Amino acid sequence: MNNRMKIMVVDDNTVNLATIEQDLSDKYDIIPMLTGRRAIKYLYRETCDLILLDVQMPIMDGIETLREIRTQENGVDVPVIFLTARRDAQTVLEGSKLGIVDFITKPFDSDNLKMRIDNVFKKLGILPLEHEELLEKVNDVYNRLLDLDEDGVKKDIEEMLQFKMDEDIIGRLHNVKQKLDDGNVDGAIEMTERIKELIEHTIDNDDSSNLSPISMPEIITVLNATLEELESFKTKEAIERLKKLKEYDVPVDVRHKLKEAINYLKNYDDIEAKKIIEEMLLFVSVSDENNKDEILEDKNRHGRGYHVSRLS
């Protein structure tokens, strides 16, 4: 049974149609249409999950096509993204009246197109919003709050609330807005920190459920190796080593620090990254001293060097 979503692409340019079909066909079933009339005729008898609609078409342009689509049973609620070479005020206004969910300005690249389509399906609840994506959006809100950009924060939250999310997060986002309306910026910052903790806690629980075990000596070995790579300016190798360590069931505090170190290294700040890695080493070394019996048992069970060989 085919459960793939269907995307209709309406464009009078055959090259554009072929390019979009090639870019999206690995994930979606693509229905190419050269004219608005053909698209309307198709929707008389069939349905689709999304329409990519070119605005500038001869004879029947995108606006006229969409007006007709909205009169049909199969086209009343279907989400539509306009593809347009010029995003003039009139096109935006007419598109908004007809329920356009997004505008993509030509020329566009494949990655941007896929991201915009995924965002539409996530807002509709058809695709899930990954926790890592949500955390990134909350971090943006948090940074705007620290910069006292209250209008930007409210705009970001309004955009986030369009996505399908856990009620606990939705309620807290509304609480951030309310605190800002009341002039309580410090309270809004504190609540945003609470939201970040909630999401990070969820990610950690999701991550740890299917992760392989790892001993403290193994973690120490990997962290020391990472420091050696940084001394030799092997930033990419250090990032990959830390990412690989994240694939194991490390302590929650270490997991948070790993994320911080990786982000610093991605921004080429190896100084701050080294500080965090040294903090992790201290934490793990203390834990190692406090859990010698457990570590001995682990070594006896798996054999000397079992974990280290997996991560080297």
Side-chain angles (χ1 to χ4, degrees), residues 111 115 129-147 156 169 189-292 294-295 298-299 302 305-312:
D111 289 340
M115 180 194 71
L129 181 65
E130 300 295 335
H131 289 119
E132 286 80 3
E133 295 177 83
L134 183 55
L135 182 59
E136 185 177 341
K137 293 178 183 295
V138 174
N139 277 325
D140 289 341
V141 169
Y142 183 71
N143 290 330
R144 282 187 185 273
L145 279 170
L146 294 181
D147 293 336
D156 284 350
I169 296 173
I189 291 174
E190 187 176 2
M191 179 54 67
T192 305
E193 290 173 341
R194 184 66 172 163
I195 296 172
K196 288 173 61 179
E197 290 173 2
L198 172 60
I199 300 169
E200 287 170 350
H201 177 74
T202 304
I203 292 173
D204 289 335
N205 285 342
D206 289 345
D207 286 346
S208 61
S209 60
N210 296 312
L211 298 180
S212 301
I214 183 172
S215 67
M216 294 299 181
E218 179 181 17
I219 298 175
I220 292 171
T221 300
V222 176
L223 294 178
N224 278 321
T226 306
L227 286 176
E228 290 176 6
E229 286 171 339
L230 291 180
E231 287 297 329
S232 302
F233 301 99
K234 296 179 179 179
T235 306
K236 291 182 180 179
E237 291 84 347
I239 291 174
E240 289 307 311
R241 192 177 291 274
L242 294 181
K243 282 183 176 179
K244 193 170 183 180
L245 184 55
K246 275 182 63 185
E247 296 174 3
Y248 291 85
D249 189 11
V250 299
V252 172
D253 289 343
V254 173
R255 184 167 298 281
H256 289 164
K257 292 295 183 183
L258 283 171
K259 292 175 184 176
E260 287 183 43
I262 290 169
N263 286 334
Y264 276 122
L265 288 176
K266 285 180 177 178
N267 291 313
Y268 298 96
D269 191 343
D270 48 358
I271 295 174
E272 289 300 322
K274 284 169 69 175
K275 289 179 183 177
I276 291 173
I277 294 169
E278 287 165 356
E279 288 176 13
M280 283 191 281
L281 269 171
L282 179 61
F283 172 84
V284 174
S285 297
V286 171
S287 300
D288 188 23
E289 286 297 317
N290 293 336
N291 294 280
K292 282 184 176 178
E294 180 185 338
I295 294 163
D298 181 71
K299 283 185 178 179
H302 297 298
Y306 168 75
H307 291 296
V308 176
S309 66
R310 291 182 300 156
L311 286 171
S312 56

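Values in this document were obtained by computation on a predicted structure and should not be read as measured data.
Rounding to the nearest 0.5 Å places CD of Glu279 at 8.0 Å from CD of Glu260. We find the CD-CD distance between Glu136 and Glu130 to be 12.5 Å, quoted to the nearest 0.5 Å. Residue Leu145 holds its CG atom at 12.0 Å from CE of Met191, rounded to the nearest 0.5 Å. In this structure, CD1 on Ile214 lies 9.0 Å from CG on Asp249, to the nearest 0.5 angstrom. In this structure, CD1 in Ile195 is found 5.0 Å from OG1 in Thr192, a value given to the nearest 0.5 Å. Here the CG atom belonging to Asn139 is positioned 7.5 Å from the CD atom belonging to Glu200, to the nearest 0.5 angstrom.
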*Under the side chain to side chain contact (heavy atoms under 4.5 Å, CB included) rule, what do Val222 and Lys244 come out as? Steps first, then yes or no, please.*
CA-CA 10 Å; Val222 176; Lys244 193 170 183 180; over 6 Å; no

*When you look at Met280 and Ile276, which way does the side chain to side chain contact (heavy atoms under 4.5 Å, CB included) test go after all the steps?*
CA-CA 6 Å; Met280 283 191 281; Ile276 291 173; 4.2 Å; yes

*asked:* For a side chain to side chain contact (heavy atoms under 4.5 Å, CB included) check, start with the C-alpha distance between Leu227 and Glu278, then their side-chain angles and the critical distance, and finish with the verdict.
replied: CA-CA 8 Å; Leu227 286 176; Glu278 287 165 356; 4.2 Å; yes

*Take Ile189 and Tyr142 through the side chain to side chain contact (heavy atoms under 4.5 Å, CB included) test and state the conclusion after the steps.*
CA-CA 7 Å; Ile189 291 174; Tyr142 183 71; 3.7 Å; yes

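Figure legend: cation-pi geometry between Lys257 and Phe283 absent, as NZ or CZ is not positioned both under 6.0 Å from the six-membered ring centre and within 45° of its axis.
The shortest heavy-atom contact between Leu265 and Ala238 is CD1-CB, 4.1 Å. The two residues Lys266 and Ile239 have their closest heavy-atom pair at N-CD1, 4.0 Å. His131 and Ile199 make their closest contact through O-CG2, 3.6 Å (heavy atoms, listed as atom of the first residue, atom of the second, distance). When every heavy atom of Tyr248 is checked against every heavy atom of Arg255, the shortest pair comes out as O-NH2, 2.6 Å. Val250 and Leu245 make their closest contact through CG1-O, 3.8 Å (heavy atoms, listed as atom of the first residue, atom of the second, distance). Minimum heavy-atom separation, Leu223 to Ile277: O-CG2, 3.8 Å.
Remark: Glu272 engages Lys275 in a salt bridge (Lys or Arg N to Asp or Glu O under 4.0 Å) (not counting sequence neighbours). Checked against salt bridge (Lys or Arg N to Asp or Glu O under 4.0 Å), Glu237 has no partners two or more places apart in sequence or in another chain.
At most 12 heavy atoms of other shown residues, nucleotides or ligands fall within 6.0 angstrom of atom CD in Glu190. The 12-atom threshold is not exceeded at NZ of Lys234, counting heavy atoms of other residues, nucleotides or ligands nearer than 6.0 Å.
The pair Lys274-Glu231 meets the salt-bridge criterion, with a side-chain N (NZ, NE, NH1 or NH2) lying under 4.0 Å from an Asp/Glu carboxylate O. Salt-bridge formation is detected for the pair Glu197/Arg194: a Lys NZ or Arg NE/NH1/NH2 atom is positioned less than 4.0 Å from an Asp or Glu carboxylate oxygen.
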